[in-house]
Amino acid sequence: MRKFLFRSMESVCVSLLLLALRVVSAQLEDVIIDRYSIPTHCSREVRVGDYVRYHYNGTFTDGRKFDSSLDKGYPIVVQVGVDSKVIPGLDKGVEGMCVNEWRKITVPSHLAYGVLGAGELIPPDSTLVFDVHLLDLWNKADTVEIRVLHRPQKCKRAVMDSDFVRYHYNGSLLVGTVFGSSHDLNSTYDTYVGQGSLIRGVEQGILGMCVGERRSITIPPFLAYDKNGYGTKIPPYATVMFDVLLVDVFNVKDDVMIEVEEIPRPCRRRAALGDFIRYHYNGSFQDGTLFDSSYSHNGTFDTFVGVGRVIAGMDKALLGVCVGERRRATVPPHVGYGETGSGELIPGSAVLIYDLHIIDIHNPEDGVDVKVTYKPSECNVTSDVNDVIMYRYNCSLLDGTRLYTSDDYPEAPGVTLGQGKLISGLDEGLRGMCVSEKREITVPPHLAHGSAGASGVPGSAVLLFELELVDVQKGVPEGFLFIWLQDSPDPLFAAMDMNHDRQVSLEEFVVFIEHQVAEGRGRIRPGTDRDVVIKEMFKNQDRNTDGRITEDELNVTESKHDEL
């Protein structure tokens, strides 16, 4: 093709003469165009001054081939109506063509090589036939063409210079030939914007994009790979098209972004450095793809705050949260999982979005928090260690989840305080109460069921109890059946020996103890049958087990059961 497309000065002069003759004589033939394959969509047509890239086959009217770009392995690139590389008839024949159109262009001799021909290749007065396939079309005045295919309704930030982006793309030539796709690689394309790592057209095309936005970006060659092309798939002077889906964007100057979506009123406490926190989360990427969720694990995520047990961004996001709060934390990769990501779950340089629901917060130094919600005006007796009490309760987690309640039983339960029958925090919270007093107590897990939890109670759970004291029977120290509240009678044996026979029977002993209790001088251990307790006391004093207590037996002190 070069042999006849690049004309000698002589042939140029002849052509100009022929062109002048054509103007003078309207009877000269014109180019004949057969558009035998036209694309359905044609965004623009070739005009004079445009640059085109096309393949051709050149034949004589009898079908003999004299030249072909296909045989040479590369298409021709010319500026229509300006470049002297081609004959006028071929230049004229491609005007009005669409990319991917096929034409048969019949060029009469006076618009080809005229009466002189072209050496031995083209005889004089030859009509030439060109089969042309237009591959590309651009103009130096062209800019990057952007078509927004989809844009999300909410766009919190758009791509700017110096941002780092992650996006998927399909790359193709104007004729539809795909030269590359990130989807085939199962990975996004990740790079900085405005630092020369992208061709200029792509950088211009993705500026202003939102995460989730999809654009079609058409880039003329001089803003793409220009005369060099790229590899074997992108030829020189090729217009390229990128179908881009933005997956992620952040800047190295970004910090954790927090959006509070719901906060309880009042806020019981805010998480501080060193606190232990239990929370639910949904973790997703910026495009909305869920990568993990505590709900799918059927349990909260439990950790200390601010001590490096979680990624730095999450540590920061958890500071200051309230129990029951819902917040969204956007964590850039430099305070997330960085350039390496985390296994197959989280790709490198990924911005992470966590939707958090805070279940409870405590500190290992916390004690029982007691809030009195009702106290009677008169209060003569308060509960204490060793007392037998009856109480009502509701127990729940801090998020309001009910765990258990005394309403499930026909009567209020009873228990002896300080005997290890209750979790230590509840036992402590029930002390010092008046009958009919009501309290709310908050019990941290180390004073409740600990990290292991219990049946129906999750590990490391803070418990909230609503309490009402129904009854209290003052108790005696552990290991004792009876204690003196005042000084005992002196002499004691004489007071017990009612018939003065120098021995005390069981009947005398029962009457004596009952009298001391009735007069408020002594107290029997509550919570058990009084007769059984008194008999046990008598048995402890009747050391020789003869059914009588003597003065000598009463005065011997060698057992913890010597209540008297």
- Task: Measure up the F276 and H362 rings against each other and bin them: parallel (under 30°), tilted (30 to 60°), perpendicular (over 60°).
- Result: tilted
- Query: How far apart are the C-alpha atoms of E466 and R392, what are their side-chain angles, what is the distance that settles it, and do they pass the salt bridge (Lys or Arg N to Asp or Glu O under 4.0 Å) test?
  - Reply: CA-CA 8 Å; E466 297 172 298; R392 294 189 181 93; over 6 Å; no
- Message: I'd like to know if D427 and R431 make a salt bridge, using a cut-off of under 4.0 Å between side-chain N and carboxylate O.
- Response: yes
- Message: Check whether H334 reaches the backbone of D254 with its side chain - one donor and one acceptor, N or O, closer than 3.5 Å.
- Response: yes
- What are the two closest non-hydrogen atoms of L207 and D161, and how far apart are they? CD2-N, 3.8 Å
- In terms of side-chain heavy atoms, does S349 have a donor or acceptor partner in D190 at a distance below 3.5 Å? no
- Query: Between R327 and D355, is there a salt bridge with N-O shorter than 4.0 Å?
  - Reply: no
- Query: Which heavy atom in G201 sits nearest to a heavy atom in I219, and how many Å separate them?
  - Reply: C-CD1, 3.5 Å
- Item | Polar side-chain atom of S197 near backbone of Y192 as donor-acceptor pair, under 3.5 Å | yes
- Message: If you compare all heavy atoms of I358 against all heavy atoms of C322, which two are closest, and at what distance to 0.1 Å?
- Response: CB-O, 3.3 Å
- Tightest non-hydrogen contact, residues L403 and V457, listed as CD1-CG2, 4.0 Å
- Query: Could you go step by step and tell me if R270 and D275 meet the salt bridge (Lys or Arg N to Asp or Glu O under 4.0 Å) rule?
  - Reply: CA-CA 9 Å; R270 293 185 179 273; D275 282 349; over 6 Å; no
- Student check: side-chain heavy atoms of Q286 and I353 closer than 4.5 Å: yes
- Smallest separation among heavy atoms of R523 and G475, with atom names: NH1-O, 2.7 Å
- Message: Which label fits F242 and Y169: parallel for a plane angle under 30°, tilted from 30 to 60°, or perpendicular past 60°?
- Response: perpendicular
- Message: Could you report the tightest heavy-atom contact between N251 and S162, atom names first, then the distance?
- Response: ND2-OG, 3.0 Å
- Please assess K474 against D384 for the test salt bridge (Lys or Arg N to Asp or Glu O under 4.0 Å), listing each intermediate value before the final yes or no. CA-CA 8 Å; K474 298 305 292 182; D384 203 350; 5.3 Å; no
- Task: Scan residues 386-409 for pairs that pass ring-ring contact (aromatic ring centres under 6.0 Å, His included), counting only residues two or more places apart or in two chains.
- Result: Y391-Y393
- In chain order, what residues pass the disulfide (SG to SG under 2.5 Å) check against C395, with sequence neighbours excluded? none
- Message: Can a donor-acceptor pair be found, under 3.5 Å and without considering hydrogens, that links the side chain of T416 to the backbone of V388?
- Response: no
- Assess whether side chain to side chain donor-acceptor pair (under 3.5 Å) is satisfied between N394 and T405, documenting all intermediate values. CA-CA 4 Å; N394 291 314; T405 176; 2.5 Å; yes
- Item | Ionic contact status for E553 with R543, cut-off 4.0 Å | no
- Message: More than 12 heavy atoms of other residues, nucleotides or ligands under 6.0 Å from CD of Q419: yes or no?
- Response: yes
- Item | Partner of V244 by side-chain contact (heavy atoms from CB on, under 4.5 Å), out of M209, R214, E213 | M209
- Message: The criterion is ring pair (Phe, Tyr, Trp, His ring centres under 6.0 Å); which residues satisfy it with H357, sequence neighbours excluded?
- Response: none
- Message: Less than 6.0 angstrom separating the ring centers of Y295 and H280, yes or no?
- Response: yes
- salt bridge (Lys or Arg N to Asp or Glu O under 4.0 Å) evaluation trace for D163 with R157: CA-CA 11 Å; D163 281 346; R157 78 174 284 178; 2.9 Å; yes
- Task: Using a strict 4.0 Å threshold on nitrogen-to-oxygen distance, state whether E536 and R525 make a salt bridge.
- Result: no
